[in-house]
Amino acid sequence: MLLAVSALVMWLNALISILYVICVAETYGRLLGVKIVECYQHYAPEATRRRCKCVPSCSEYSILCLQKYELIYALLKIRKRLFVTCKGFDYIVDEP
């Protein structure tokens, strides 16, 4: 009986550790994503950044998504914006 309780406590501690790592990765992953996009905005050539036909621009949209949504959902929305929505020839207004 004591062995089963100690094993349960060990599994609960492992689960709490895993959940903590996920929360930390979520927070720092979003912050890192925002910093990467800000570096792109600062260092990318002007001609590359001005090709976007969407409002807000794709980099601004990425920052907004990372600030508003969880990391995985934000990355899915950013992927859709970059590879589907932004490839068209029309001027698009799209809010996250």
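Rounding to the nearest 0.5 angstrom, the gap separating the CD atom in Glu70 from the OG1 atom in Thr27 is 10.5 Å. Separating the OH atom in Tyr28 from the NZ atom in Lys35 is a distance of 13.0 Å, to the nearest 0.5 Å. How far CG of Leu66 is from CG of Leu75: 6.5 Å, rounded to the nearest 0.5 Å. Remark: Tyr69 OH to Ile78 CD1 distance equals 11.0 Å, nearest 0.5 Å. Atom OG in Ser59 sits 9.5 Å away from atom CG in Leu64 (nearest 0.5 Å). To the nearest 0.5 Å, atoms NZ (Lys77) and CG (Leu82) are separated by 12.5 Å.
Between Cys65 and Ala74, the closest heavy-atom pair is O-CB, 3.5 Å. Pairing each heavy atom of Gln41 with each of Ile63, the nearest pair is OE1-CD1, 3.8 Å.
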Run the side chain to side chain contact (heavy atoms under 4.5 Å, CB included) test on Lys80 and Leu76 for me, step by step, so that the C-alpha distance in whole Å, both residues' side-chain angles and the decisive distance to 0.1 Å come before the verdict.
CA-CA 6 Å; Lys80 180 182 175 191; Leu76 290 173; over 6 Å; no
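For the side chain to side chain contact (heavy atoms under 4.5 Å, CB included) criterion with Glu60, the lone passing option out of Ser62, Pro56, Cys58 is Pro56.
Ile36 belongs to a hydrophobic cluster whose other members, connected by ILVMFWY side-chain contacts under 4.5 Å either directly or through intermediates, are Leu32.
A donor-acceptor distance shorter than 3.5 angstrom exists from the side chain of Arg30 to the backbone of Gln67, with no hydrogens or angles considered.
Clustering ILVMFWY residues whenever any of their side-chain heavy atoms sit less than 4.5 angstrom apart, transitively, puts Phe83 in the very cluster that holds Val37.
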